[in-house]
4 protein chains.
Amino acid sequence: MSPRRRDAEGTAAARAERRAELLATAAEVFATRGYAATTVREVADAAGILGGSLYYHFDSKESMADEILSTFLNEMWAAYDRVLAADLGARDTLTALVAESFGCIDRHRPAVVMYQNESRHLATGPRFAYLTESRRRFEEMWMTLLERGVREGAFRADLDIALVYRFIRDTVWVAATWYQPGGRLTAAQIAEQYLAMVLGGIQHE
Amino acid sequence: MSPRRRDAEGTAAARAERRAELLATAAEVFATRGYAATTVREVADAAGILGGSLYYHFDSKESMADEILSTFLNEMWAAYDRVLAADLGARDTLTALVAESFGCIDRHRPAVVMYQNESRHLATGPRFAYLTESRRRFEEMWMTLLERGVREGAFRADLDIALVYRFIRDTVWVAATWYQPGGRLTAAQIAEQYLAMVLGGIQHE
Amino acid sequence: MSPRRRDAEGTAAARAERRAELLATAAEVFATRGYAATTVREVADAAGILGGSLYYHFDSKESMADEILSTFLNEMWAAYDRVLAADLGARDTLTALVAESFGCIDRHRPAVVMYQNESRHLATGPRFAYLTESRRRFEEMWMTLLERGVREGAFRADLDIALVYRFIRDTVWVAATWYQPGGRLTAAQIAEQYLAMVLGGIQHE
Amino acid sequence: MSPRRRDAEGTAAARAERRAELLATAAEVFATRGYAATTVREVADAAGILGGSLYYHFDSKESMADEILSTFLNEMWAAYDRVLAADLGARDTLTALVAESFGCIDRHRPAVVMYQNESRHLATGPRFAYLTESRRRFEEMWMTLLERGVREGAFRADLDIALVYRFIRDTVWVAATWYQPGGRLTAAQIAEQYLAMVLGGIQHE
DNA sequence: GATGAATGAGCGTTCATTCAT
DNA sequence: CATGAATGAACGCTCATTCAT
C-alpha cells in the first residue's frame with residue numbers, strides 16, 4: 001500500500017468517523033428533545049462546534065435525520081433477514097425477532113426513539129419514502145409469521161391477529177423510550193421477560 | 001333568575017362551547033402533525049378562522065396544549081379513582097383500569113396521542129408540572145396493584161414488576177396512535193382482546 | 001352595490017395598493033443596490049417595516065422580483081402590441097417603438113434597471129422562463145422590423161442587421177440606468193434625440 | 001545573474017502567472033454569474049482548487065474584483081492616452097477611441113462585463129474610488145471631444161451633447177455582454193459597423 | 001501551495017404573538 | 001368575535017474567511 005493510498009484512506013476514514021460521531025450526538029439530541037423542537041444550534045452545541053459548522057459535514061438537518069434513520073433500519077433489516085433465513089418454527093422465529101429488536105434498541109436507542117416519534121411526520125416527504133416501505137414490510141413480515149403460528153398451532157387462534165401484531169410491535173419498540181444501556185437489566189434480559197409475558201401472559205395459572 | 005343573569009349564562013356557555021370546539025380542533029391537528037411542528041395558523045385554518053383570532057380565546061399555543069392535556073388527565077383520573085374506590089381484587093382492578101383506559105382513548109384520542117408524543121418535552125416547563133406528577137401517581141398506582149396481585153397470587157411471581165408495569169402502560173396507551181373511533185373494533189372489544197393477551201399470553205397451551 | 005360588497009372591494013383594493021407600494025419600494029432598492037446584494041431587511045427598512053413583515057404580503061424575495069418584472073413586461077408588450085397593430089411603415093414603427101420604450105423607462109425605471117442587470121441571472125430558474133421568452137419575442141420583433149425596413153428601402157442595406165438590433169436594443173434600455181424622471185429632459189425629448197441619432201447619425205453632412 | 005536570483009525570479013514569475021490564471025477564471029465566473037451572486041467556492045471550483053486555497057493568493061473576494069477591474073482600466077487608459085497623444089481631428093479621434101474600446105472588450109471581456117454590472121455597487125467602498133475617478137475622466141474626455149467636434153463642424157450641432165455621450169458610451173460597452181471572441185464578427189468588424197451607425201445613422205438617404 | 005475543518009456574521013424565512021379596527 | 005397588518009425573536013442555512021496541518 002502506497003503512502004498516498006494510506007493517506008487517502010486515513011482521511012476518508014477520519015471523515016466517516018467524524019460524521020458518525022456527529023450523527024450519534026444529533027440522534028441523542030433529537031431523541032431527547034424531539035426532531036422538530038431541536039434546533040441545529042442545539043445539536044452543534046452538544047457536539048462542541050458552531051451551528052454553521054455542521055453544514056460542512058451534512059447538507060441539512062433533514063439529511064442528518066435521514067442518515068440516522070436509514071442506518072438504523074438497514075441494520076435492523078439485516079438482522080431480521082438473518083433470522084428469517086434460518087427458517088425456524090413460528091415460535092422460535094418470534095423469539096429471535098424480539099431478541100434482535102431489543103438488540104437494535106440497545107445499539108441504536110436514539111434512532112429507535114426518533115423512529116417512534118418522528119417517522120409518521122417525516123414519512124410525508126418523498127425523501128423518507130423508505131420509512132413507509134419499511135413499515136409495510138414490517139407489518140407484512142409479522143402478520144405472515146403470526147398467521148403461520150396460528151396455523152401451526154403455536155399461537156392461540158381466538159385473538160385478532162392484527163391486534164396481536166400491533167400489541168407486539170408497540171410493546172417492543174416503545175421500550176426504546178425508557179431503556180438505558182448499562183441499566184439494571186440488559187437488553188437480553190428485557191427481551192427474555194418480554195417474551196415470557198407475551199407468550200405466557202402475566203396471569204398466574 | 002333575572003333576564004340579565006340568563007343572558008350572561010348563555011354567553012358564558014356559548015363561550016365555553018366555542019372554546020371546547022376550538023380545543024377539539026387543535027388537539028386533532030396537534031395529534032396529527034405533532035405539537036412543535038404545528039403552527040397556530042394551521043390550527044386556525046382547521047377551525048376556519050385567522051391565526052390572530054385564536055388569541056381572543058386562548059393566551060397562547062402552550063395554553064391550548066395545557067387545557068387539552070389537563071382536561072384529558074382530569075377525566076382519566078376521575079375514572080381511575082372510581083375504579084380504585086370500588087376496592088376490587090387485583091385482577092378485576094386491572095381489568096377495569098384497562099377498560100377505562102381504552103374508554104379514555106375512545107373519547108380523547110387526540111389528547112392521548114399528544115400526551116404520548118409531547119409530554120416528555122412539555123413537562124420540562126413549570127406550567128406542565130402536573131404531567132410529571134400524573135406520571136408519578138400513575139406508576140405508583142400500577143406498581144402497587146401489580147405487587148398486590150403477585151402477593152394475592154393473581155399474577156405470576158417470576159416477572160420483573162417494573163417491566164410488567166411498562167409493558168402494560170405502553171401497550172395500552174400507544175393504541176391511541178392507531179385507534180380509529182368507528183373502526184372495525186370498538187374500544188371495548190380492543191380492551192377485551194388486550195386483556196386476553198396480557199393476562200393469558202398469546203401462546204397456545 | 002351592497003355595503004358588504006363595497007367593503008370587500010375596499011379591502012382588496014387597499015391590499016393591492018399596499019402591495020404596489022411595497023413593490024415600488026423594493027424595485028427602487030433592487031435597482032440601486034442590485035437584487036442579489038440587496039437584503040430583504042433593506043427593502044423592509046426602505047418601506048418602514050420589519051423584515052419579517054414583508055412576508056405577510058409576499059411569498060419570497062424572488063416573488064417580489066417576479067411581480068416587478070412581469071408587471072413591467074406585461075405593460076411593455078401591451079404598448080408594443082398596440083404599435084404593431086397600427087400597421088405603420090418600418091420607419092414609423094421604429095419611431096413609435098422607441099417612443100414607447102422610453103415611456104416604459106419613464107414609468108418603470110427601477111424595473112427596467114432590474115431587467116437589465118438581473119434577467120440573465122434570474123432567467124436560469126423555471127419561474128422566470130417568461131424572461132427568456134420575452135427576450136426571444138423582442139428579438140424576433142425587431143429583426144423582422146429591421147429586415148422589412150431594409151426591404152422597403154427605409155434603412156441602409158450595408159449594415160449587419162443583427163448588430164443594428166443589438167445597437168438599438170442596448171442604446172434604448174441602458175438609458176434606464178441614468179434616466180431621472182423630472183430631470184432636465186423628459187422621456188419624450190430623450191426619445192426624439194435618440195431617434196435623430198439612430199436614424200441620421202451624429203456626423204454632420 | 002546568480003542562480004538564487006534566477007530562482008527567485010522564476011518563483012515570482014510563476015506566482016504572478018498563477019495569480020493571472022486565477023484572476024482570469026474569477027473574472028469569467030463573476031461576469032457570468034454576477035459578482036455578488038458568485039461564491040468564492042464557485043471561483044475555486046472553476047480553478048480546480050478548494051475555497052480556502054484562494055486565500056493563499058488573494059486577501060479577499062473584494063481584492064480579486066479590485067485587481068480584475070484595475071488591470072482592465074489601466075490598460076484601457078493606456079490605450080486611450082496613446083490615442084489622445086496622437087492629436088488627431090475629432091472624427092478620427094472618435095474613430096480611434098471606439099476601435100480601442102472594442103479592442104479592450106476583446107481582450108478583457110469578463111472585466112468589462114463586471115465593470116458594467118458591478119461598478120456602480122462596488123464604487124461605494126473607498127477601495128474602489130478609482131472607479132468613480134475613471135468614470136469622471138471618461139466623461140470629461142468624451143464631452144471635450146464631442147464639443148470640439150461640434151465646434152470643428154465634424155459633428156451635428158442640433159444634438160444634446162450629454163445625450164450623445166451617453167449614447168456612445170452605452171452602445172460601446174454594453175457590447176461586452178454579448179460579444180464572443182472568435183464569433184462571427186471580429187472586434188474590429190464590430191467597431192467598424194458601430195462607427196458607421198453612430199456616424200451615419202441607420203436611415204437610408 | 002493546498003487542504004479541510006471550523007468560524008461567525010448575516011441571510012431569507014417562519015411563526016407565535018399583538019393590537020387597532 | 002374576528003380581521004389583518006405588523007412585530008421581533010429565532011430558525012435553518014450560506015458563505016467569506018481563518019488556520020493548523
Side-chain angles (χ1 to χ4, degrees), chain A residues 7-8 10-12 14-15 18-19 22 36-44 47-64, chain B residues 11 14-15 18-19 22 36-44 47-64, chain C residues 7-8 10-12 14-15 18-19 22 36-44 47-64, chain D residues 11 14-15 18-19 22 36-44 47-64:
Chain A
D7 270 21
T11 308
R15 200 168 182 139
R18 186 75 175 112
R19 276 180 82 84
L22 293 170
T38 299
T39 73
V40 168
R41 277 169 182 84
E42 283 170 341
V43 173
I49 59 178
L50 288 178
S53 304
L54 278 175
Y55 289 83
Y56 179 77
H57 301 278
F58 303 100
D59 283 345
S60 62
K61 184 188 178 186
E62 206 183 61
S63 78
M64 291 185 226
Chain B
T11 308
R15 198 166 181 147
R18 186 79 175 110
R19 276 179 83 87
L22 292 171
T38 300
T39 71
V40 168
R41 259 201 68 177
E42 285 170 339
V43 173
I49 59 178
L50 289 181
S53 306
L54 277 176
Y55 288 82
Y56 176 82
H57 301 279
F58 304 101
D59 284 346
S60 64
K61 185 186 180 186
E62 215 183 23
S63 76
M64 292 184 230
Chain C
D7 271 22
T11 309
R15 198 166 184 145
R18 186 74 175 113
R19 275 179 83 87
L22 293 170
T38 299
T39 71
V40 167
R41 278 169 181 83
E42 283 169 341
V43 173
I49 58 178
L50 287 178
S53 304
L54 278 175
Y55 288 82
Y56 180 78
H57 301 278
F58 303 101
D59 283 346
S60 63
K61 185 187 178 186
E62 206 182 60
S63 77
M64 292 185 227
Chain D
T11 307
R15 195 165 182 148
R18 186 77 176 108
R19 276 179 83 85
L22 293 171
T38 300
T39 71
V40 168
R41 258 200 71 173
E42 283 169 340
V43 173
I49 59 178
L50 289 182
S53 306
L54 277 176
Y55 287 82
Y56 178 82
H57 301 278
F58 304 102
D59 285 346
S60 63
K61 185 187 178 187
E62 214 183 23
S63 77
M64 292 184 229

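Within every chain, numbering begins at 1; the chains are lettered A, B, ... in the order of the sequence lines, protein sequences first and strands thereafter.
To the nearest angstrom, C1' of E/dT13 lies 10 Å from CE of C/Met64. Protein atom NZ of A/Lys61 is 15 Å distant from nucleotide atom P of E/dT14, rounded to whole Å. Going from atom CZ of A/Arg41 over to atom C1' of F/dA9 covers 11 Å, rounded to whole Å. Between B/Arg19 atom CZ and F/dC1 atom P there is a gap of 12 Å when expressed in whole angstrom units.
The distance from the CG atom of B/Leu54 to the NZ atom of B/Lys61 is 11.5 Å, given to the nearest 0.5 Å. How far CZ of C/Arg41 is from CG of C/Leu50: 9.0 Å, rounded to the nearest 0.5 Å. The NE2 atom of C/His57 sits 5.5 Å away from the CD1 atom of C/Ile49 when rounded to the nearest 0.5 Å.
Contact detail for B/Ser60 and B/Tyr55: the closest heavy-atom pair is CA-CE2, 3.9 Å. Contact between C/Ala36 and D/Ala36 at its shortest, heavy atoms only, is CB-CB, 4.1 Å.
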Could you spell out the base pairing of DNA chain E as a dot-bracket line? Use Watson-Crick and G-U wobble contacts where both distances are under 3.5 Å, [ ] for crossing pairs, | for partners on a different strand. .||||||||||||||||||||
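With the nearest nucleotide of DNA chain E identified for both B/Thr38 and C/Ser60, C/Ser60 has the one nearer the 5' end.
Other residues, nucleotides and ligands contribute over 12 non-hydrogen atoms within 6.0 Å of the CZ atom of C/Arg18. Counting heavy-atom neighbours within 6.0 Å of A/Arg19 CZ, excluding the residue itself, gives a total above 12.
For B/Tyr55, taking side-chain heavy atoms from C-beta onward, the closest of the listed nucleotides E/dA16, F/dC11, E/dG12 is E/dA16.
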Distances for protein N/O vs nucleotides 3-6 of chain F N/O pairs under 3.5 angstrom?
{"unit_1": "F/dT3", "atom_1": "OP2", "unit_2": "B/Leu50", "atom_2": "N", "d": "2.7"}
{"unit_1": "F/dT3", "atom_1": "OP2", "unit_2": "B/Ser53", "atom_2": "OG", "d": "2.8"}
{"unit_1": "F/dG4", "atom_1": "O3'", "unit_2": "C/Tyr56", "atom_2": "OH", "d": "2.9"}
{"unit_1": "F/dA5", "atom_1": "OP2", "unit_2": "C/Tyr56", "atom_2": "OH", "d": "2.5"}
{"unit_1": "F/dA6", "atom_1": "OP1", "unit_2": "C/Arg18", "atom_2": "NE", "d": "3.1"}
{"unit_1": "F/dA6", "atom_1": "OP1", "unit_2": "C/Arg18", "atom_2": "NH2", "d": "3.0"}
{"unit_1": "F/dA6", "atom_1": "OP2", "unit_2": "C/His57", "atom_2": "NE2", "d": "2.6"}

